[in-house]
Every structure is written in structure tokens, then in C-alpha cells.
Amino acid sequence: MNYDKIGMFESERIRLKENALGKSNAKIIWFGEHSVVYGKPSIAMPLYSVDVTAEIERTAAGQQIKCRYFDGPINEMTDNLKGVRVLIGTLLDVLGNRDLPFMLRITSKIPSERGMGSSAATSVALIRAFYHLFEVPLSRGRLLELANVEEKITHGNPSGLDAATASSDMPIWLIKNEINEQISFHLSRPCLVIADSGIKGKTGQAVSLVHDNVVDEPDLAIPLINQLGEIATLARHALATSNESLLGTLMNQSQDHLAELGVSTSTLDLFCRIARAHHALGAKLTGSGLGGCMIALAANHADAQKISTALRQAGATQTWIQSFRNYDISTGEKNDNLVK
Ligand SMILES: C[C@@](O)(CCO)CC(=O)[O-]
């Protein structure tokens with residue numbers, strides 16, 4: 001990316017605002033985690049109510065950040081936040097004002113390291129805030145390219161799915177480096193239950209575990225990756241035809257394949273069993289696995305509530321119920337029907 005040229009050109013003709021906001025949201029991968037890294041299709045959804053806000057205020061001196069992990073000068077940020085620190089430096093270069101004094105506050109409702117895209121959502125919010133501060137138009141392509149600066153450092157070999165969904169207000173159909181398009185579908189009664197195991201997921205570790213399996217046991221791992229891709233394609237068709245029971249079956253099959261790849265845990269397996277025992281149409285882990293969240297498809301809101309209660313009794317630290325009405329363009333609705 002040619003940061004400098006664009007930055008200089010843009011900054012020369014732009015007056016800075018005094019303060020600016022940027023927002024983004026959590027994401028849930030429905031189909032295709034891990035296989036998306038290998039070029040297979042994936043489907044993910046934004047959760048509007050679980051959001052991140054980045055707020056920048058210009059100050060007289062210094063470059064400070066305040067977030068849940070760190071409060072102090074940007075250049076003293078700890079190594080676990082290296083991706084964010086490098087991204088901020090890149091943004092200041094791109095926008096042509098490396099020494100700009102500011103205070104950046106990040107407020108996040110996304111539990112960290114639970115497969116809900118916390119790091120990508122933070123990056124998307126802060127990129128939007130900086131572009132807003134400099135009053136520079138930001139294309140979606142450039143937003144995703146910049147988010148990838150942080151995601152590469154934090155996660156190693158990201159597919160781009162997290163940032164694409166964190167910056168979208170509709171579900172996404174994504175094939176790495178090829179297709180990134182919004183999809184809408186009509187599911188009026190079913191709901192998705194999301195249950196947090198309370199255990200930190202380990203995206204980098206899970207991605208390298210799958211990679212090791214692909215290298216060490218290709219005869220086992222590659223067919224699983226291919227099947228996960230085929231499942232995502234079938235799921236897109238099931239969404240287009242409102243075939244709820246097929247969606248549930250495809251979720252169960254995904255869970256089996258992800259478990260065979262080694263990224264499920266005993267808690268996630270248990271949550272899947274409990275959800276199915278309470279009439280879920282299907283259940284699977286979401287995101288990288290090795291901790292994080294499980295999702296279950298319920299036929300209606302009453303079933304979703306029963307599943308949610310049972311999962312909390314089994315130890316889920318948080319549950320959410322997500323309806324799909326806001327993903328149906330034909331209704332014209334944009335409500336977030338997320339219930340905590
Ligand atoms: C495991 C993975 O597929 C999803 C992580 O949320 C990794 C990626 O897409 O970059």
C-alpha cells in the first residue's frame with residue numbers, strides 16, 4: 001500500500017476537527033471459520049448492539065490511549081497491544097501528521113478473545129475515528145486494508161472476515177481475497193442463541209493448530225476443510241430458501257468437522273449437546289474455538305429462551321438471543337433484536 005503519497009495529498013487539503021467518533025460491532029461466524037483461511041467461503045453476521053466506540057480528542061501535547069487494557073502514552077503500550085499501536089502509527093502516517101497530539105478513548109462491549117471479533121472491531125472503530133477527525137473519505141476497501149495491518153500482527157494469517165463483518169450492517173459472504181458481499185435472507189421465527197463459555201479463545205493458536213494438521217495430516221485435514229467450505233455453500237442456499245432445519249443440520253456437521261480439526265473444547269461440546277437436548281435445530285462453536293462462544297439455532301424465541309437458560313445453568317457466563325428480522329432487506333427493518 002502506498003501510504004505516504006495518499007496521506008500527504010489528503011492532509012494538505014484537510015482541516016482537522018477538534019474531536020471525532022468511530023463505531024463498529026461484534027461479529028458471529030455462522031459457517032466457515034478456519035476453512036475461510038484456506039480460500040473456502042464463509043458466512044458471518046454483525047451484532048449491532050455489541051459495539052465498540054473510539055473517540056479521539058485533540059490535545060495540547062502527547063499521544064494517549066485509554067482502553068480496558070491500557071491507560072497511558074501510545075508508545076508505551078504493552079506488546080499484547082502491538083497490533084493497535086502499529087495501526088495508530090500507520091494511520092498517522094497515512095493521514096500525514098505523525099506528531100498530532102491527541103487522547104484516544106476506546107469503549108468496547110465485546111468480550112475479548114471470545115471469537116466475537118473484538119480486535120478487528122477495535123481497529124475498524126479507530127480507523128473510522130481517525131479518518132473522521134481528518135475529514136478524509138474512507139472507502140470500504142481502504143478500511144479493510146488498514147484493519148488488516150493490526151489483524152496480521154495480532155492473529156498472524158487473518159482471512160479478513162472479522163474486519164469485514166465488524167464494519168458491516170448486514171451478514172457477509174466472504175471468500176478470502178476474492179468475494180466480500182453482503183447477503184440478506186428471510187428467517188422470521190428462528191433465533192440464534194450465543195453462549196459465552198467464559199474461556200478465552202486463542203485465535204492465533206487455533207489457526208496454527210489447524211495449519212499444523214493440514215501440513216502433518218493432509219489426508220485427514222484437507223477433506224475436512226473442503227467439507228466446511230461445501231457446508232457454507234449449502235448454508236447460503238438454505239438461507240435463500242428459508243430452510244431452517246437444513247441450516248441446523250449444517251451447523252451440527254460443521255461442529256463435527258471443527259472438533260475433528262481439534263479446535264473445539266469439552267465445554268463447547270457440552271454446550272452443543274445441551275442446546276440440542278433443548279430442541280436447538282443445530283449448534284456449533286463460532287470463531288476460532290479453543291474457548292470462546294457457541295451458537296445454537298432455535299426454531300423460535302420461546303425455544304431460544306429455554307436454550308439460553310439451560311446454557312447459563314451449565315456455566316455460560318453470558319448469553320445473547322439474536323433474531324434475524326433485521327437481516328431481511330425486504331422488511332425494511334433495521335432493528336437490533338438482540339436480547340441479553
Ligand atoms: C479462525 C478464523 O477463521 C476466524 C477467527 O474469528 C480466522 C480468520 O478467519 O482469520
Side-chain angles (χ1 to χ4, degrees), residues 24-47 50 52 83 87 108 110-124 143-168 171-181 192 194-197 199-214 221-222 224-233 235 251 254-255 257-265 268 284-295:
S24 65
N25 43 260
K27 70 99 202 348
I28 286 297
I29 301 179
W30 202 349
F31 293 99
E33 50 272 274
H34 288 291
S35 45
V36 68
V37 174
Y38 298 86
K40 305 299 170 199
S42 56
I43 299 173
M45 295 181 301
L47 298 181
V50 187
V52 178
L87 173 60
S108 179
I110 310 181
S112 68
E113 298 178 68
R114 302 298 209 286
M116 293 176 84
S118 167
S119 64
T122 300
S123 295
V124 167
L143 170 68
L144 298 183
E145 214 172 357
L146 285 163
N148 204 36
V149 170
E150 173 279 318
E151 287 289 277
K152 259 184 165 147
I153 294 170
T154 311
H155 296 309
N157 180 23
S159 64
L161 180 59
D162 289 11
T165 321
S167 57
S168 175
I172 294 276
W173 169 259
L174 183 137
I175 301 175
K176 187 178 178 182
N177 300 330
E178 277 181 39
I179 298 171
N180 169 359
E181 65 188 26
L192 209 58
I194 304 147
D196 184 355
S197 69
I199 300 161
K200 286 184 184 239
K202 298 157 195 81
T203 304
Q205 200 177 317
V207 169
S208 32
L209 175 72
V210 173
H211 177 260
D212 290 349
N213 287 340
V214 166
I222 292 173
L224 292 171
I225 300 274
N226 291 339
Q227 282 157 31
L228 285 166
E230 282 156 25
I231 286 173
T233 305
M251 288 171 76
S254 291
Q255 173 62 19
H257 297 338
L258 289 163
E260 270 199 74
L261 281 170
V263 293
S264 194
T265 63
L268 293 169
K284 63 181 277 291
L285 66 83
T286 180
S288 67
L290 295 185
C293 293
M294 181 226 63
I295 53 173

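All ligand and atom numbering here is 1-based and tracks the order in the structure. Being a predicted model, the structure only gives us computed values, none of them experimental.
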Look only at the side chain of [X] and the backbone of [Y], and say whether a donor-acceptor pair between them is shorter than 3.5 Å.
X    : Y    : answer
K27  : G115 : yes
E113 : G292 : no
T265 : L290 : no
T154 : E151 : no

**Request:** Determine the minimum heavy-atom distance between S167 and A163, stating which atoms define it.
**Result:**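 Reported closest heavy-atom pair: OG-O, 2.8 Å.
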
Can you produce the list of protein nitrogen or oxygen atoms under 3.5 Å from a nitrogen or oxygen of ligand 1, alongside each distance?
residue: ligand 1; atom: 3 (O); partner: H34; partner atom: N; Å: 2.9
residue: ligand 1; atom: 6 (O); partner: K27; partner atom: NZ; Å: 3.1
residue: ligand 1; atom: 6 (O); partner: D162; partner atom: OD1; Å: 3.1
residue: ligand 1; atom: 6 (O); partner: D162; partner atom: OD2; Å: 3.2
residue: ligand 1; atom: 9 (O); partner: S159; partner atom: OG; Å: 2.5
residue: ligand 1; atom: 10 (O); partner: S159; partner atom: N; Å: 2.8
residue: ligand 1; atom: 10 (O); partner: S159; partner atom: OG; Å: 3.4

**Item:** Pairs involving residues 29-38, ordered by first then second residue, that meet side-chain hydrogen bond (donor to acceptor under 3.5 Å, both in side chains) (sequence neighbours left out)
**Value:**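 Of all non-adjacent pairs touching residues 29-38, those that pass side-chain hydrogen bond (donor to acceptor under 3.5 Å, both in side chains) are E33-K284.
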
